[in-house]
Number of protein chains: 2
Amino acid sequence: MTSKATTHDQILDLAQQYIQQRGYNGFSFRDLANGIGVKSSSIHYYYASKTDLVVAVTSRYRKGFSAATDQLKADNLAAADMLKAYAQIFKSTLEDDKRVCLCAMLASDFDSVEAAVTDEVKAFFAEQYKWLANIIANGISHGTIRGDIVPEEFAILYFSALEGAMVLAKANDNPADIELVANQMIAMSQHAG
Amino acid sequence: MTSKATTHDQILDLAQQYIQQRGYNGFSFRDLANGIGVKSSSIHYYYASKTDLVVAVTSRYRKGFSAATDQLKADNLAAADMLKAYAQIFKSTLEDDKRVCLCAMLASDFDSVEAAVTDEVKAFFAEQYKWLANIIANGISHGTIRGDIVPEEFAILYFSALEGAMVLAKANDNPADIELVANQMIAMSQHAG
DNA sequence: AATAGCCTATCTAGTGATAGATAGATATTT
DNA sequence: AAATATCTATCTATCACTAGATAGGCTATT
């Protein structure tokens with residue numbers, strides 16, 4: 001018996017999809033309602049405002065992403081493999097669902113959203129920077145990543161490149177570019193051969 | 001006597017600003033009209049549809065950017081300095097005007113815009129990839145950039161990272177991150193010390 | 001009976017787009 | 001030169017539609 005998703009979950013799921021594909025200003029309560037098969041007032045029953053809805057979606061996304069990266073870290077791979085697996089999350093998000101990172105979309109919409117949303121987005125970025133810097137620092141201490149790399153700086157580079165590659169790869173309809181971008185950075189972070 | 005900008009030019013200028021700051025779905029003909037001091041019907045006089053307007057803005061942006069990079073190339077700097085100067089365009093766009101690359105914004109809005117717009121955006125990306133690959137190839141042939149780098153691949157990396165860094169730097173209110181990202185890639189493209 | 005979940009109906013505001021009018025500049029004909 | 005015609009750039013007013021939001025009612029579960 002396939003347990004039917006609740007309306008509440010469907011709202012969050014579809015809102016997330018719309019934000020990832022069309023951005024904050026690219027969908028309406030009616031779009032959500034029509035997609036789910038309810039009325040827009042039912043969305044308001046769960047979320048009084050669009051801001052409330054988007055904050056909930058972003059918070060859930062942020063926590064889900066953290067859980068995924070924590071899981072990845074528990075696998076205890078070498079730093080380079082960890083970074084590769086991390087990039088794979090971005091690639092499959094685009095390849096499988098034609099979606100861009102939720103927070104990259106919302107970052108583009110920063111001038112359109114309220115502080116409650118930007119706070120969640122900034123928290124997401126801070127968490128990802130921290131996770132990446134930790135992985136990189138571990139790689140350096142294990143001698144698999146060049147010692148002249150500054151973990152906090154390379155984290156920003158790696159993350160920026162992946163987020164940018166995601167948007168460009170979608171525009172160019174070429175998800176493989178994400179892997180191409182990640183592999184080049186990883187190769188450059190290794191000791192010269 | 002300060003020559004007053006025509007209404008037509010004001011429309012293109014303000015539309016460009018809005019797209020760079022709020023995206024395709026983040027502004028209206030009325031926003032433009034109010035900002036300029038005319039009626040929205042006057043915008044329609046110049047551009048029958050929003051698509052037509054955005055195509056015109058994007059085409060102008062693309063040609064202006066090409067002119068700027070051609071000028072940069074004429075300066076005949078070393079590859080690394082050329083790449084640094086290129087990144088500086090992105091940084092000052094964010095720092096001075098709080099704007100993101102027009103085409104990065106439109107790329108995020110790909111699911112919301114018509115093919116006439118996406119064609120212009122894709123043409124912009126293709127031109128930038130080509131310019132960067134050429135600069136990198138020159139650097140390799142002059143021996144200032146590592147020979148194991150593939151120009152077309154590093155171009156995608158460099159451009160992706162800059163576009164991503166621009167969006168993230170805006171969200172984090174930290175334009176210096178653009179330079180940080182560029183400098184790391186340039187350093188890694190050099191021969192090991 | 002109370003609550004949860006969803007509905008109908010409606011509101012105010014704003015969307016892109018269009019029709020028709022008009023003042024003033026420019027061009028053409030007499 | 002004067003009269004006529006056309007063009008440019010803008011206006012007012014309105015279209016059908018969509019936006020987010022809200023009040024109040026119905027129904028099913030607890």
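Lettering of chains follows the sequences in order, A, B, ..., and the numbering in each one begins at 1. From a predicted model like this one, the values you see are computed outputs, not experimental measurements.
Under 4.0 angstrom from either OP1 or OP2 of dT8(C) there lies no side-chain N or O belonging to Ser41(A). In terms of phosphate contacts, Ser42(A) brings no side-chain nitrogen or oxygen within less than 4.0 Å of OP1 or OP2 of dG5(C). Using a 4.0 Å cut-off, some side-chain N or O of Thr7(B) falls inside it from OP1 or OP2 of dT10(D). For Tyr46(B) and dT10(D), the shortest distance from a side-chain N or O to OP1 or OP2 is below 4.0 Å. Phosphate proximity of dT15(C) to Ser28(B): present, with a side-chain N or O under 4.0 Å from OP1 or OP2.
Considering only side-chain atoms of Lys39(A), the nucleotide from dC7(C), dG20(D), dC11(D) that sits closest is dC7(C). In this structure, the nucleotide among dC6(C), dG16(C), dA21(D) sitting nearest to the side chain of Ser49(A) is dA21(D).
Rounded to whole Å, the distance from CG on Asp52(B) to P on dG16(C) is 14 Å. Spacing between atom NE2 of His44(B) and atom P of dT12(D) amounts to 16 Å, rounded to whole angstrom units. The nearest whole Å value for the distance from the CZ atom in Phe29(B) to the P atom in dG14(C) is 18 Å. Going from atom CG of Asn25(B) over to atom P of dT18(D) covers 15 Å, rounded to whole Å. The distance from atom OH of Tyr47(A) to atom P of dC6(C) is 13 Å, rounded to the nearest whole Å. Rounded to whole Å, atom P of dG24(C) lies 17 Å from atom OH of Tyr45(B). Here the P atom of nucleotide dT18(C) and the CD1 atom of Ile43(B) are 15 Å apart, to the nearest Å. Remark: P of dC17(D) and CZ of Arg30(B) are 16 Å apart, rounded to the nearest angstrom.
Residue contacts for Phe27(B): at a heavy-atom cut-off of 4.0 Å it reaches the sugar-phosphate backbone alone, with no base atom in range.
A donor-acceptor pair shorter than 3.5 Å can be found between the side chains of Lys63(B) and Ser59(B).
In this structure, Ile186(A) and Lys84(A) approach most closely via the heavy-atom pair CD1-CG, 3.6 Å.
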Review point. Where do Lys98(B) and Asp111(A) land on the salt bridge (charged side-chain N to carboxylate O under 4.0 Å, His left out) test, with the steps shown first?
Key: CA-CA 10 Å; Lys98(B) 302 232 174 243; Asp111(A) 288 1; over 6 Å; no

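Taking the centre and axis of the six-membered ring of Tyr24(A), the NZ or CZ atom of Lys50(A) falls inside the cone set by 45° and 6.0 Å.
In this structure, Ser28(B) contributes its side chain and Asp31(B) its backbone to a donor-acceptor pair below 3.5 Å.
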